[in-house]
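No hydrogens, no waters, no symmetry mates; every other heavy atom, side chains included, goes into these values. First the proteins, then the strands, lettered A, B, ... as listed; each starts at 1. Please read all numbers here as calculations on a predicted model, not as lab measurements.
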Protein chains: 2
Amino acid sequence: MANITEVAAAAGVSISTVSYALSGKRSVSPDTRRRIEEAVRKLDYVPNAGARMLAGRRTQIFALTEPLRKDTHAPTHMAFVLAASVAARRHDYDVLLLTEEEAQKGMRRVATNRLVDAILVLDVAPDDARVALARQISCPSVFIGVPLDSEGLICVDLDFEAATARAVDLLADAGHTTIGLVGQAQAAYEKSNFPPRVRSAFLRRAEERGMASFHGTSGGARASRSAARRTAAELTGRGATALVLHTAEEAHGSVLAELAERGLRVPEDVSIVSVGSSFDTSHLPRPLDSFPLDPQASCDAAVDLALAAIDGHPDAAVHLIEPSYHPHGSIAAPAERAV
Amino acid sequence: MANITEVAAAAGVSISTVSYALSGKRSVSPDTRRRIEEAVRKLDYVPNAGARMLAGRRTQIFALTEPLRKDTHAPTHMAFVLAASVAARRHDYDVLLLTEEEAQKGMRRVATNRLVDAILVLDVAPDDARVALARQISCPSVFIGVPLDSEGLICVDLDFEAATARAVDLLADAGHTTIGLVGQAQAAYEKSNFPPRVRSAFLRRAEERGMASFHGTSGGARASRSAARRTAAELTGRGATALVLHTAEEAHGSVLAELAERGLRVPEDVSIVSVGSSFDTSHLPRPLDSFPLDPQASCDAAVDLALAAIDGHPDAAVHLIEPSYHPHGSIAAPAERAV
DNA sequence: TTGAAAGCGTTACCAC
DNA sequence: GTGGTAACGCTTTCAA
């Protein structure tokens, strides 16, 4: 409840000195600093947010827009929200949530409002309406995910193509000649931006390495026998000795269950690599090698780009995050096929 | 970018008149109002958030604290966050997210900061550390969920006891004499506030109705045969002709799958009622009668209580929301038991 | 029905 | 190294 004037009085200095001592934007003698810090502690002083926003040029708030479509995978989404929040706090920023239809009107509102310094855009769709909006408003926006038309936009994302290509390479190097991709649910290929990137990278790299390749989708685990299980069965049935998985955690489990039921061991009979998963593949019934989607890495990068843009140095480009490889022994040479 | 002074000039009135015209806190002549509205539109004027916070006594922001423990059920949690956001926007409030450890320091910060007008507390644990904090700080807090010690706190929650008792009553009225409860994962009974309330209400009501009752837990769906399936099998094995389900969506599916596998039909062989579910039980393989947990109802109530508290009328009490019954034909009289 | 002006609590520029 | 003070853009009291 104390304000800067009371702190200044208690420390026997002017309010500007208090302000500078706290912001560090001007040097203050050690003795003065000590007296101020003591007064701050004694009075439990915390600078008023509204006054700061008004006087300063920063609000210390990021908006986070999340459309929350019904097909959004909640755990992954939550991981991103959490990561964004953590990244923001590291730079003394708070996060304001913009959901649903509010994502549209809300973005415009908080931008003209001057309530936030920048906007972080989550769950980006290929034809995301927020793209046009971002170009209109003056508030810097950073997209976590890449829309179809990213011209002039600041975007961050895992390099899905590189991750997929490296996954295919690992399998090719191990000697596999026929591989399959268990992809996302069909709808995801229309509504989200990265599933198509993974699929095309998979097909391209497999061809470059002279491998035969197949792909299929996964989907809801409601039925007793999920789409992921069917796809896994079909791909191995066609002779694939290795699988690349780009699916939700449940579908990973389904694939493993299906293989187990058919008596196929990992990696002795089937090698597996997971790509772009946001969960821990080492805790699955059978730990899987993976090139994970790391929400924290993406969000850290996004926040850095946001801060730069706020500072007047927008880096309008697609910033791809180098995938990292986490081996868990799920790749081996293909078994000698019994005739 | 335009400010109130420019609007006032454009409309040929004073800034106070502009302010009053927009806030509606003082009557303005129709003609003046029209000119002001036109100026606002022409200049794209939106009041500056920081200035408003400083001058007014409202920030128009709620903090939303969410610990996001690893055992948090993401979809349910997301539903609450979304509902809170919607409820807030209805009253022109924005939502600031406080996650994890930040939930603690963050609550204190935004309270003394004067960045928010009130704090909405989600995912309340029985011994939640935020309870003590809420009592310390001056900023009003509303708990969505009921901690063990709710003395002096403003709390909102579904009336789980009533919902459970009504569920048991429906089954008793249908003629069942032996019923089972498929509860949550064991850990939930320690870390969350409502599972124990459901279980004790279940046992109490069953006894009052002279029924034999059993209960078991559900849990992770990782294994090929989940805890929910085992529990369902055990309960029906013990002679239960009706089940009350208080579990996640996946476990609902597991129970139905288990019954189907054993050739038990719903409701001909086994009646089922779902209690406190936050998903749509009418879209399950077999639609189930339910007393749902309605995030929007809880959050609407919470926001109303927050607004009242901000207005100086805190209603420190546990506000239980009346459960509503959604029948889907999953209750019938018990089958005549073959000897 | 309207206007003038005093804050609100900072930040940052200008002096010293 | 420190202090004075003009913004910042709004809300609200006091007058008319």
Side-chain angles (χ1 to χ4, degrees), chain A residues 1-37 39-40 43-61 92 109-117 310-311, chain B residues 1-37 39-40 43-61 92 109-117 310-311:
Chain A
M1 297 299 294
N3 64 20
I4 199 173
T5 307
E6 302 176 47
V7 173
V13 296
S14 71
I15 64 167
S16 58
T17 300
V18 173
S19 177
Y20 285 120
L22 294 178
S23 70
K25 292 186 181 175
R26 181 161 103 171
S27 62
V28 171
S29 80
D31 182 56
T32 307
R33 153 158 277 117
R34 201 190 42 69
R35 299 209 319 278
I36 291 176
E37 281 166 359
V40 164
L43 297 175
D44 250 334
Y45 170 69
V46 177
N48 178 287
R52 254 184 139 154
M53 295 169 64
L54 180 55
R57 51 168 30 107
R58 298 285 166 86
T59 68
Q60 301 292 66
I61 301 178
D92 268 302
R109 179 168 48 83
V110 299
T112 53
N113 225 356
R114 316 239 69 131
L115 179 51
V116 307
D117 294 336
I310 293 169
D311 274 339
Chain B
M1 296 300 293
N3 64 21
I4 198 173
T5 307
E6 303 175 46
V7 174
V13 296
S14 71
I15 65 168
S16 59
T17 299
V18 174
S19 177
Y20 284 120
L22 293 178
S23 72
K25 292 186 180 174
R26 179 162 103 173
S27 62
V28 171
S29 79
D31 181 56
T32 306
R33 150 159 280 117
R34 201 191 41 68
R35 298 209 319 278
I36 290 175
E37 281 167 357
V40 164
L43 297 175
D44 247 336
Y45 170 68
V46 177
N48 177 286
R52 251 183 142 153
M53 294 170 67
L54 181 55
R57 50 172 28 106
R58 297 286 165 85
T59 68
Q60 300 292 90
I61 300 179
D92 268 302
R109 178 167 50 81
V110 298
T112 54
N113 226 355
R114 315 239 69 129
L115 178 52
V116 306
D117 294 335
I310 293 169
D311 275 338

Participant: Can you tell which of D:dT13, C:dT10, D:dC10 lies closest to the side chain of A:Asn48?
Facilitator: C:dT10
Participant: Look at the side-chain N and O atoms of B:Ser29 and state whether any lies under 4.0 Å from the OP1 or OP2 oxygen of C:dT1.
Facilitator: no
Participant: Which atoms form the tightest heavy-atom contact between B:Ala8 and B:Val18, and what is the distance?
Facilitator: CA-CG2, 3.6 Å
Participant: In whole angstrom, what separates B:Met53's CE from D:dC10's C1'?
Facilitator: 13 Å
Participant: When you check the phosphate oxygens OP1 and OP2 of C:dA12, does a side-chain N or O of A:Lys25 lie under 4.0 Å from one of them?
Facilitator: yes
Participant: Provide, to the nearest angstrom, the distance between the CZ atom belonging to A:Arg57 and the C1' atom belonging to C:dT11.
Facilitator: 10 Å
Participant: If you look at every strand shown and take non-hydrogen atoms under 4.0 Å, does A:Thr32 touch a base, only sugar-phosphate, or nothing?
Facilitator: sugar-phosphate
Participant: Taking donor-acceptor contacts at under 3.5 Å, does the side chain of B:Arg26 reach the base of D:dT12?
Facilitator: no
Participant: Could you tell me whether the phosphate oxygens of C:dT10, OP1 or OP2, come under 4.0 Å of any side-chain nitrogen or oxygen in A:Tyr45?
Facilitator: yes
Participant: Nearest heavy atom decides the nucleotide; on that basis, is B:Val28 or B:Ala55 closer to the 5' end of DNA chain C?
Facilitator: B:Val28
Participant: Provide, to the nearest angstrom, the distance between the CG atom belonging to A:Leu22 and the P atom belonging to D:dT2.
Facilitator: 14 Å
Participant: Where along residues 7-17 of chain B does a heavy atom fall under 4.0 Å from DNA chain D?
Facilitator: B:Ile15, B:Ser16
Participant: A:Tyr20 OH to D:dT5 P: how many Å, rounded?
Facilitator: 15 Å
Participant: Could you give the CG-to-P distance, from B:Leu54 to D:dT12, as a whole number of Å?
Facilitator: 12 Å
Participant: Output, in order, the C-alpha distance, side-chain angles, deciding distance and verdict of side chain to side chain contact (heavy atoms under 4.5 Å, CB included) for A:Arg114 and A:Arg57.
Facilitator: CA-CA 10 Å; A:Arg114 316 239 69 131; A:Arg57 51 168 30 107; over 6 Å; no
Participant: Is there, by distance only and without an angle test, a donor paired with an acceptor across the side chain of B:Arg114 and the base of C:dG9 below 3.5 Å?
Facilitator: no
Participant: I want to check one thing: is the phosphate of C:dT11, taken as OP1 and OP2, less than 4.0 Å away from some side-chain N or O of A:Arg52?
Facilitator: yes
